[in-house]
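Beneath this line is the structure, given in structure tokens, with notes to follow.
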Amino acid sequence: METPLISIILATYNGARFLSETIDSVLSQDYSHFELIIIDDASTDYRVGEIIDTYTVQDHRIIWFRNEKNRERSWSKNFWVSQAKGLYIAFVDDDDTWDAKKLSKQIEAFVSEKDIWMVGTFARFMDE
């Protein structure tokens with residue numbers, strides 16, 4: 001069986017503050033068969049595009065789109081889920097970070113238990 005592809009959807013609007021940390025946590029996953037779809041929802045902060053540009057030249061798994069007008073995160077996420085190539089979908093927000101084993105643990109659950117159709121994770125809240 002071929003390793004399942006995961007499509008990770010990240011929508012951002014002026015989320016430059018933690019965006020690099022978020023992308024780094026996705027790219028450092030021990031499960032690497034994924035595409036990362038980043039949607040810039042018409043950010044007015046130029047740093048968002050600069051940050052995303054830096055990563056797209058480094059990693060071919062990143063696909064970047066920019067909405068011409070702000071459509072809100074839920075619209076962007078829903079639209080790009082319909083365009084995703086993955087067998088599985090994962091969402092990450094622009095101020096989240098993932099444990100390096102997140103995807104591998106979730107894939108293991110899906111593969112070992114055929115009745116599972118959705119998994120979640122523990123959240124730990126952080127502040128500055």
Side-chain angles (χ1 to χ4, degrees):
M1 176 179 146
E2 184 179 328
T3 309
L5 175 69
I6 302 173
S7 293
I8 302 165
I9 311 289
L10 189 170
T12 185
Y13 174 73
N14 292 338
R17 184 172 183 191
F18 300 110
L19 188 57
S20 292
E21 290 177 72
T22 300
I23 295 171
D24 286 339
S25 76
V26 171
L27 297 180
S28 66
Q29 291 296 298
D30 65 350
Y31 184 92
S32 61
H33 194 67
F34 62 80
E35 64 178 355
L36 173 57
I37 302 171
I38 303 175
I39 306 100
D40 176 0
D41 196 16
S43 293
T44 57
D45 182 347
Y46 71 91
R47 296 175 301 161
V48 171
E50 288 179 349
I51 291 167
I52 299 169
D53 263 344
T54 301
Y55 285 95
T56 57
V57 298
Q58 296 174 14
D59 198 307
H60 70 280
R61 297 172 296 177
I62 299 173
I63 304 161
W64 173 27
F65 299 95
R66 185 175 196 288
N67 292 340
E68 291 301 315
K69 67 178 187 172
N70 184 272
R71 296 187 167 271
E72 303 296 325
R73 288 178 197 235
S74 58
W75 183 94
S76 294
K77 287 179 178 182
N78 287 330
F79 177 78
W80 289 105
V81 162
S82 72
Q83 306 299 307
K85 297 177 185 153
L87 179 60
Y88 301 105
I89 303 292
F91 294 103
V92 63
D93 288 329
D94 58 13
D95 60 351
D96 292 348
T97 58
W98 284 355
D99 176 85
K101 296 183 181 289
K102 174 195 178 345
L103 293 179
S104 62
K105 288 179 180 179
Q106 290 180 326
I107 285 295
E108 182 180 328
F110 281 119
V111 171
S112 66
E113 298 291 331
K114 299 298 181 199
D115 292 336
I116 291 178
W117 56 273
M118 181 176 155
V119 295
T121 59
F122 173 77
R124 180 179 30 207
F125 293 95
M126 302 181 310
D127 59 25
E128 295 179 30

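Keep in mind that this is a model prediction, so the values were computed, not measured.
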When you measure from the side chain of [X] to the backbone N and O of [Y], does any donor-acceptor pair fall under 3.5 Å?
X: D95; Y: F18; answer: no
X: E35; Y: I9; answer: no
X: D45; Y: G15; answer: no
X: R66; Y: S43; answer: yes
X: S25; Y: T22; answer: yes
X: S104; Y: Y31; answer: no

Please tell me if the side chains of [X] and [Y] come closer than 4.5 Å, counting only heavy atoms from C-beta onward.
X: W80; Y: I63; result: no
X: K101; Y: D30; result: yes
X: V119; Y: K105; result: no
X: F91; Y: V81; result: yes
X: I8; Y: L103; result: yes
X: L19; Y: I52; result: yes
X: Y13; Y: V48; result: no
X: I23; Y: L10; result: yes

Heavy atoms only: give me the nearest [X]-[Y] pair and the separation to one decimal.
X: R73; Y: D41; value: N-OD2, 3.9 Å
X: A42; Y: N70; value: CB-N, 3.5 Å
X: S28; Y: A100; value: O-CB, 3.8 Å
X: K102; Y: Q29; value: N-OE1, 3.4 Å
X: T97; Y: E21; value: CG2-O, 3.9 Å

Nearest-0.5 Å distance that lies between atom [atom1] in [X] and atom [atom2] in [Y]:
X: I38; Y: T56; atom1: CD1; atom2: OG1; answer: 8.0 Å
X: I39; Y: W64; atom1: CD1; atom2: CH2; answer: 12.5 Å
X: F34; Y: S7; atom1: CZ; atom2: OG; answer: 11.0 Å
X: I6; Y: Q106; atom1: CD1; atom2: CD; answer: 7.0 Å

(request) Give the other cluster members for M118, using side-chain heavy-atom distances under 4.5 Å between Ile, Leu, Val, Met, Phe, Trp and Tyr residues; answer none if it is isolated. (result) W117
(request) Verify the cluster assignment for Y55 and W98: are they in a single hydrophobic cluster under the rule of side-chain heavy atoms below 4.5 Å apart? (result)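 Yes, Y55 and W98 fall within the same hydrophobic cluster.
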(message) Are I51 and I62 connected into the same hydrophobic cluster when the rule is that any two of I, L, V, M, F, W, Y join if their side-chain heavy atoms are below 4.5 Å apart?
(response)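 I62 and I51: one cluster.
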(request) Can you run down the salt bridge (charged side-chain N to carboxylate O under 4.0 Å, His left out) pairs that involve residues 77-89, sequence neighbours left out, and say none if there aren't any? (result)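 Only K77-D93 qualify under salt bridge (charged side-chain N to carboxylate O under 4.0 Å, His left out).
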(request) Apply ring pair (Phe, Tyr, Trp, His ring centres under 6.0 Å) to W75 and list each qualifying residue two or more places apart in sequence or on a separate chain. (result) F79
(request) Might you confirm whether atom CD of Q83 has over 12 heavy atoms from other residues, nucleotides or ligands at distances under 6.0 Å? (result) yes
